[in-house]
Amino acid sequence: MHIKFIPLDFDSFDRGEKAFVRIWGRTLEGKRCCVIDSCDSYFWLIPKEHANIEKYAEKVRKVRLEHAGRTARVIKAEIHKKNFRDREITAIKVYVENPKDIIIIKDIVKSFPETEDKKEQDINYVTRYLIEKDIKPLMWHDVSGGETKHSDLDVDVEIWAEKISLSKEQPEFKPKILAFDIETSELEIGKGQILMISVADDKTKKVLTWKHFKNPPEEVEFVKNEAELIIKFKEAIRNYRPDFIVGYFSDAFDLPYLRMRAEKHDIKLDLGLDWSNINFIRGMIPSSKITGIVHLDLYKFVNNIIAYILKSETISLNDVAKELIGEEKLKVDLNKITKELKESKGQLEEAELRKFCLYNLQDSVLTSKLFDKLWPNIAEMTKIVGEPLYNASRSAYSQLVENYIIHNLKEFNEIIENRPISDEIGNRREGRYSGAFVFQPQPGLYEKLVVFDFRSLYPSIITSFNISPTTLQKEKTNAFETPEVELAGKKKVYYFNKKKSFIPELLDRLLNQRKKLKDELKKKYSPELDARSYALKTLANATYGYYAFFGARYYSIEAAASITAFGRYYIKKVMDEAEKKGFKVIYGDTDSLVMMLNNISEKEALNWLEKKNDELPGTMELELENFFKRGIFVTKRTGETGAKKKYALLADDGSMKIRGFETVRRDWCNLSRNLQDEVLRMILKDGKHEKALSHVQKIIKELIAKKVPIEKLIIRTQLKKAINEYENIGPHVVVAQRMQELGLPVKAGSMIEFVIAKGEKKSLVREKAKLPEEVKEGQYDLDYYLDHQIIPAVENIFLVFGISKEQLIQKQKNLMDF
DNA sequence: GCGGGCTTGTTACC
DNA sequence: ACCGGTAACAAGCCCGC
């Protein structure tokens, strides 16, 4: 039998002594399939320099051990010429019957006197299989083999593969999904009950609940009780036959909660296509896996991959959906509902229940739409790194970079480096090195500016100077020499071999693919290509950080420190040359320079840019960011020097670029943020301060007159750790404590909202920090908002025009005195 | 008990 | 624990007076 199918999920199982991989997917005809295949299980031994390799291999072949009811033994040991960390070596490939045996065998052979090291013993079987057989997740494959008839798997087709290969044609694949969301009577897992469960995709909309009420909306279906609710939910998934089930924060909430309640009712969560239970993977970051149906937790992907390009100040479903799909959650007072459920022994008013159901449904609808939006990103990233979707969608950048590397080492004949052991991780974490250069700006208002920046600075340095843990060498010959590197408090120079190594080479490919894609995208836009371009760019950018990440297989603090040293060298060099040309350098951070054109024309500036690019080595390239009409740089709060990482620029097209100011900081109240934003805009548009000054004075007047609504005075600060772990009890910690007393949900990661209320004059800020609902209109601490919010947000801006703090509040003081 | 230096904590920039 | 260093700044803590 022959089919064309797309691999969506993977797992492995044992039959007899041998391990097999199951690939779960869809055929071209839309049938659900399971392809069973296997590959060799092996790891590598690197012998000591003077070991007799033949004798060594012979010794290894004889290793066997009875363990846990089976015999772990070496079935084959071959001598191979390989590369390891770019050096040619002779290594022994040690085959075992079952991947489980690796852990037993490796410990025995590790103690042999001939053994220098063991490698690839930490590659899991599915990853091994994907590499060995060149299987690409989410890409169509042709497979032929024998069909199994008497299977109990919940699939339409089951094949034991004989031949499997990537298809030439790659038609579009649209997965069948089911988004879901649960509502519970308590937020803590282990307490309370599940009240309702909703499911949705672009057609289906359904809410299951055992809370009955009159005239329910058509999407609502009533069940008897919580047990039936869980069973019906199971049935819904079984009948709908989705490829993925999709949640938001479902790894940490919905599924663990479901598990607790299912256990309570003695219901099996046997959702797997092999009828297995949901597998709850413990660990620092728990996750939940269903065999054959990929459980996607969009929160994880947003948090790891997308968050830093979002403008949203939180990654709650509401904020993320608002920004990405322009829709929001229904507004329901969850705290009130939870409270009422507790106090009235589970009785809610009908109107409230109806609303609660629709709220529940909307969450699933948003999750479904968010999936549609993010799917190109998830899919493209998965395809590039080569790991199964389940893993790739949960991985942080370090892991993705690493997977991209290890899935591409075969062609370099490279043995994969080990993951570091915990002692090693401890050592690595202490290492410190110098990073980027930041230019010390002179405070002031500047006109006619140009901003240049290096395109992908660190990736271009890595490829141009072949920087890798494996190219670092002692000798000067045939090597790139670094500028002065600052590492562990010492100044050094390092050398990197010029012979192209695998990581810089793979990085080069990412960058080149992206270049091509960008040209394609210019001709014709598509969300898939755009998503691929984003994945390529961000993976490339994460490579430098990967080198410095303590958990990396290819860790090298020397490499990381060398990259930043090159960065410092070139940005300073370009700044010097710009000054010589006649530009006035105003500011610069890492890879950018902000300059006054002086009397240089825009055209001449661009010519100069081109000339610089001819001189820059390798793939390093300086590009135009934009021309700006005006820009403002301010002093630090303490002292007269200019503040770094804090400026505002007005582009020729009228758009603003504001960085670092309180306007963009979420831990300042909206009154200050908005006021500062308006002040910056007025000043940069006019080039004068008068209008902005009177605007500030108007706001101060309103504040003094207690006319500012509490809502605008809310300060938001994230609780970064558990309440009792704080040494310094700041305002947000006190408010978090208060929330806990009131039974409101607070934990590490919660956003704490508070208002500084009227209180004793000399008291600590935290003593006046109250929940917004606890503060009546006008009952805010005027002095606090004046001295700690409004004035600090604008005083340094006006100082540029010689306006002092006293002048800002002059007239108002009198007002206060009366 | 007061003030200033230091530390802790959060958020931003690139 | 899930990429790095650089930087600004608020507020509490702590010690010397």
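Just so it is clear, the structure is predicted and the values come from calculations on it, not from any experiment. Sequence lines set the chain letters: A, B, ... in the order given, protein chains first and strands last, and positions in each chain run from 1.
- Contact annotation for Gly545(A): base contact, defined as any heavy-atom pair under 4.0 Å involving a base atom.
- Without hydrogens or angle criteria, Tyr546(A) side chain to Tyr554(A) main chain gives a donor-acceptor distance under 3.5 Å.
- Taking atom NZ of Lys537(A) as the reference point, atom C1' of dC3(C) lies 16 Å away to the nearest angstrom.
- Checked against side-chain contact (heavy atoms from CB on, under 4.5 Å), Ser395(A) has the following partners two or more places apart in sequence or in another chain: Gln399(A), Leu400(A).
- For the pair Tyr397(A) OH and dG4(C) P, the interatomic distance rounds to 15 Å; values are reported in whole Å.
- The interatomic distance linking Arg637(A) (CZ) with dT11(B) (P) rounds to 17 Å, in whole Å.
- With dT6(C), dC3(C), dA1(C) as the choices, the nucleotide that has an atom nearest any side-chain atom of Ser398(A) turns out to be dC3(C).
- Separation of the P atoms belonging to dC2(C) and dT10(B) is 15 Å when rounded to the nearest angstrom.
- Looking at heavy-atom distances under 4.0 Å, Tyr726(A) makes contact with sugar-phosphate atoms alone, never a base.
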Tell me, for nucleotides 11-17 of chain C in 5' to 3' order, what letter each nucleotide earns: B for a base near a protein heavy atom under 4.0 Å, S for only sugar-phosphate near one, - for neither? SSS----
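- Atom OH in Tyr308(A) sits roughly 15 Å away from atom C1' in dC2(C) (whole-Å rounding).
- When distances run from any side-chain atom of Lys636(A) to the nucleotides dT6(C), dG9(B), dA8(C), the shortest one goes to dA8(C).
- As rounded to whole Å, 15 Å separates atom P of dG9(B) from atom CD1 of Ile752(A).
- The distance between the ring centers of Phe439(A) and Tyr587(A) does not fall below 6.0 angstrom.
- Under the rule for a ring pair (Phe, Tyr, Trp, His ring centres under 6.0 Å), His295(A) has no partner lying at least two apart in sequence or in another chain.
- The backbone N or O of Ser456(A) lies less than 3.5 Å from no partner atom in the side chain of Asp591(A), so there is not a single donor-acceptor pair.
- Taking all atoms of both residues into account, the shortest heavy-atom contact from Ser434(A) to Glu486(A) is OG-OE1, 2.8 Å.
- Checked against dC2(C), dA7(C), dT10(B), the side chain of Lys644(A) finds its nearest nucleotide in dA7(C).
- With respect to Val755(A), the side-chain contact (heavy atoms from CB on, under 4.5 Å) criterion is satisfied by exactly one of Val735(A), Asp781(A), Ile714(A): Ile714(A).
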Atom pairs, protein N/O to nucleotides 12-14 of chain B N/O, distance under 3.5 Å:
unit_1  : atom_1 : unit_2    : atom_2 : d
dA12(B) : OP1    : Val664(A) : O      : 3.1
dA12(B) : OP1    : Arg666(A) : N      : 3.0
dC13(B) : OP1    : Gly660(A) : N      : 2.9
dC13(B) : O2     : Lys645(A) : NZ     : 2.9
dC14(B) : OP1    : Tyr647(A) : OH     : 2.6
dC14(B) : O3'    : Asp589(A) : O      : 3.4
dC14(B) : O3'    : Asp591(A) : OD1    : 2.4
dC14(B) : O3'    : Asp591(A) : OD2    : 3.4

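- The nearest pair of heavy atoms linking Leu684(A) to Ala648(A) is CD1-O, 3.6 Å.
- Ring to ring, Tyr555(A) and Tyr547(A) are not that close: their centroids are 6.0 angstrom or more apart.
- Distance CD1 (Ile461(A)) to P (dG4(C)): 18 Å, rounded to an integer number of Å.
- The phosphate of dT8(B) (OP1 or OP2) has no side-chain N or O of Lys721(A) nearer than 4.0 angstrom.
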Distance-only criterion, 3.5 Å: show the donor-acceptor pairs between side-chain atoms of residues 487-494 of chain A and protein atoms not counting sequence neighbours.
none

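- What separates CG of Leu457(A) from P of dG5(C) is a distance of 17 Å, to the nearest Å.
- Taking 4.0 angstrom as the limit, Lys300(A) places none of its side-chain polar atoms (N or O) nearer than this to OP1 or OP2 of dC2(C).
- Minimum interatomic distance between Ala540(A) and Pro459(A) (heavy atoms only, all atoms of both residues): O-CG, 3.5 Å.
- In this structure, the CZ atom of Phe633(A) is 13 Å from the P atom of dA8(C), given to the nearest Å.
- Using a distance-only test at 3.5 Å, with no hydrogens or angles considered, a donor-acceptor pair links the side chain of Asn613(A) to the main chain of Leu622(A).
- In the region residues 560-571 of chain A, proximity to DNA chain C at under 4.0 angstrom, judged on heavy atoms, holds for none of the residues.
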